[in-house]
Structure formats: structure tokens, C-alpha cells
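Report on the structure given below.
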Amino acid sequence: MKPLILIVEDESALVTMLRYNLERDGYRIVEARDGEEALMVVREERPDLVLLDWMLPLMSGLEVCRQLRRRTETRDVPIIILTARGEELDKVRGLDAGADDYITKPFSQRLLVERIRSLLRRERAAKDEAGESAEQPLVRGDLMLDPGRHLCTWCNRPVNLTVTEFLILKALAMRPGHVKNRDQLMDAAYGEHIYVGDRTVDSHIKRLRKKFKAIDDSFSHIETLYGVGYRYRDA
Ligand code: CA
């Protein structure tokens, strides 16, 4: 079955253009004009990916993103935020809200499809793993990562991670004490040949730490090595 993409955008001309191009590239499309509608649509349909405009009437794209992440059925759905603003700060805010990727308008169809393919490929790989349970759970002290079930626990308590956060943490925890630079972490999370800025990794790491600290205030196992990268400390 062709992957289903939910487009959340209030600008009719852009929706028409996106629908036309994405259908031509082999995707099925469902539309929502604002956040409320988007949250209704995801109950009926199960989109494989969400293209979410930042500037929406009533509820901002960021708020929609947060709400999608709070719901079990859309917790893991890849979300790409579209925005006319090009500022790095906004990008970080978008990723803080739980988006997987971020594209600044105007963008080329080729770039958009590349990003969509990359995220869907990653999802498929995660699902295949779940089906075959090829990968064994990774246990590092109080941390347990089970890629097959996309499950992360700390001291036996679940930590809800997005796919991107999960993959970054897995890359770090695979080799405790070993430093990974931002490029290596991005390759682990997004696959190679996708360029995302340095701040993106920092933002994901910040969110990861926050989620663990919410469960265990003393959590300090993800270490920053300034100018080098990050590492996972085992004990
Ligand atoms: Ca808009």
C-alpha cells in the first residue's frame, strides 16, 4: 500500500501543489486545514507521516506537534515541520516540540521527497526489526533499550522517546565511554546523506536528558564533550 501523508496547512495553493506532486511521487494524501482538524483526522486515518505547517490558524503547528506526541497512536509518527521562518531558534523550538525534521519554505519538491523517503525508510526498518525481533534489547546498567518494541526503560520505568531520540541514545549506549560526534549521531538517527545542522543534535540530546531527568533527577549519563560530541557513561 502507498504510504499515507497527512498535510496540515491552511494555504490552499500550497496544499494543491503538494498533493499534486506527492501523489505523482506515489503517496496517498489526506488534508487538514488547521490543528483541530488534524487531530480529528489522525483518529480516523493512520498517516505514515505528517507534514505540519508552523503557521496555522487557531492552534500553532508547534502545539499540534506536541499534542500528536502525547497521543499513543501518533507518538512515533514521523513529523516534518514546514515553516516560512528560517531562524535557527525556531528550528530548535520545532524539534523541542517533538518534530523529526524541519523544512524552510520555499523548498524544492526534490528536497521534500528526499526527507520524506528518509524518514519512511527509517520507520520501515524499525518495523521490520520489530517483526523479526532481529535485534536483542540493549542493557546498560539501569538503561534498557529494546529496538524491536521501540521500548526504553530507566530503572524499569518507561521513557517515551521519539524514533530520533531512541536511535541517538542507542548509538551512544552501544559503546559506553566512547565519544560520538554530531555527524555520527545524525547518521545513526537519519541515515547518511541527510544534512541537518549541529543544533539539531544538541536539541535532541537536551530533550533526551529532560525525559530521563523527569524520572530520575540525578540522571547524568549522557555527557557533553565540548567541541567533540557526546558519550554515554555506563556507571
Ligand atoms: Ca500556513
Side-chain angles (χ1 to χ4, degrees), residues 1-8 27-30 32 35 38-52 61-82 93-103 112 115-138 143-154 157-174 185-191 194 196 200-201 203-212 214-215:
M1 184 124 82
K2 293 174 175 177
L4 180 67
I5 298 179
L6 167 63
I7 302 174
V8 191
Y27 298 99
R28 289 177 300 135
I29 302 296
V30 57
L39 295 171
M40 252 160 34
V41 168
V42 294
R43 250 180 246 137
E44 309 291 319
E45 316 263 355
R46 288 296 174 92
D48 296 295
L49 185 140
V50 180
L51 282 182
L52 179 59
L62 282 195
E63 186 48 36
V64 179
C65 189
R66 280 190 205 101
Q67 296 214 19
L68 288 173
R69 284 294 177 243
R70 262 183 235 133
R71 295 183 180 196
T72 328
E73 69 270 26
T74 48
R75 205 183 68 197
D76 300 327
V77 71
I79 300 176
I80 301 178
I81 289 197
L82 305 176
R93 280 172 59 202
L95 295 167
D96 279 349
D100 293 282
D101 208 343
Y102 172 99
I103 298 179
L112 177 66
R115 300 289 184 87
I116 289 174
R117 282 201 187 124
S118 158
L119 286 174
L120 290 178
R121 205 165 36 231
R122 193 182 74 174
E123 281 299 297
R124 225 171 6 247
K127 276 182 192 146
D128 287 352
E129 251 170 35
E132 294 162 15
S133 55
E135 219 173 326
Q136 293 299 309
L138 179 73
L143 175 73
M144 194 283 295
L145 289 168
D146 184 350
R149 290 186 290 159
H150 181 75
L151 176 68
C152 169
T153 62
W154 177 256
R157 294 172 70 186
V159 189
N160 289 334
L161 303 180
T162 64
V163 176
T164 305
E165 291 160 359
F166 191 93
L167 292 171
I168 287 177
L169 180 59
K170 195 179 101 187
L172 288 171
M174 291 275 268
L185 291 177
M186 279 294 94
D187 286 352
Y190 289 90
I194 291 293
V196 285
T200 307
V201 180
S203 174
H204 287 304
I205 295 277
K206 201 174 95 190
R207 280 172 55 82
L208 268 168
R209 284 186 180 133
K210 208 166 129 190
K211 287 180 177 180
F212 278 91
I215 288 173

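Please read these numbers as outputs of a predicted model, since none were measured by experiment. In this chain, numbering begins with 1 at the start of the sequence shown.
Shown here for Leu51 and Leu112, the closest heavy-atom pair between the two residues is CD2-CD1, 3.8 Å. Contact between Pro137 and Pro147 at its shortest, heavy atoms only, is CA-CD, 4.2 Å. Residues Gly98 and Thr162 approach most closely at O-CG2, 4.2 Å, considering heavy atoms.
Around CZ of Arg70, the count of heavy atoms belonging to other residues, nucleotides or ligands within 6.0 Å exceeds 12.
At least one side-chain heavy atom of Arg121 sits under 4.5 Å from a side-chain heavy atom of Ser118. Contact check for Leu172 versus Ile205: side-chain heavy atoms found under the 4.5 Å cut-off. With contacts defined as side-chain heavy-atom distances shorter than 4.5 Å, the pair Leu143/Phe212 qualifies. Asp101 has its side chain out of reach of Thr200: every pair of non-hydrogen atoms, C-beta onward, lies at least 4.5 Å apart. Contact check for Leu6 versus Glu45: no side-chain heavy atoms found under the 4.5 Å cut-off.
Judged by distance alone, with hydrogens and angles left aside, the side-chain atoms of Arg46 form no donor-acceptor pair with the main-chain N or O of Glu73 at under 3.5 Å. Without hydrogens or angle criteria, His204 side chain to Leu169 main chain gives no donor-acceptor distance under 3.5 Å. Side-chain atoms of Thr74 do not come within 3.5 Å of backbone N or O of Val77 as any donor-acceptor pair. Counting only distance, with no hydrogens or angles, the side chain of Arg69 and the backbone of Arg75 share a donor-acceptor pair below 3.5 Å.
Judged as a salt bridge (charged side-chain N to carboxylate O under 4.0 Å, His left out), and not counting sequence neighbours, the contacts of Arg66 are Glu63.
Aromatic ring orientation, Phe166 versus His150: tilted (interplanar angle from 30° to 60°).
Results of the side chain to side chain contact (heavy atoms under 4.5 Å, CB included) test with Pro3 over Ile116, Asp48, Leu49 single out Asp48 as the only residue that passes.
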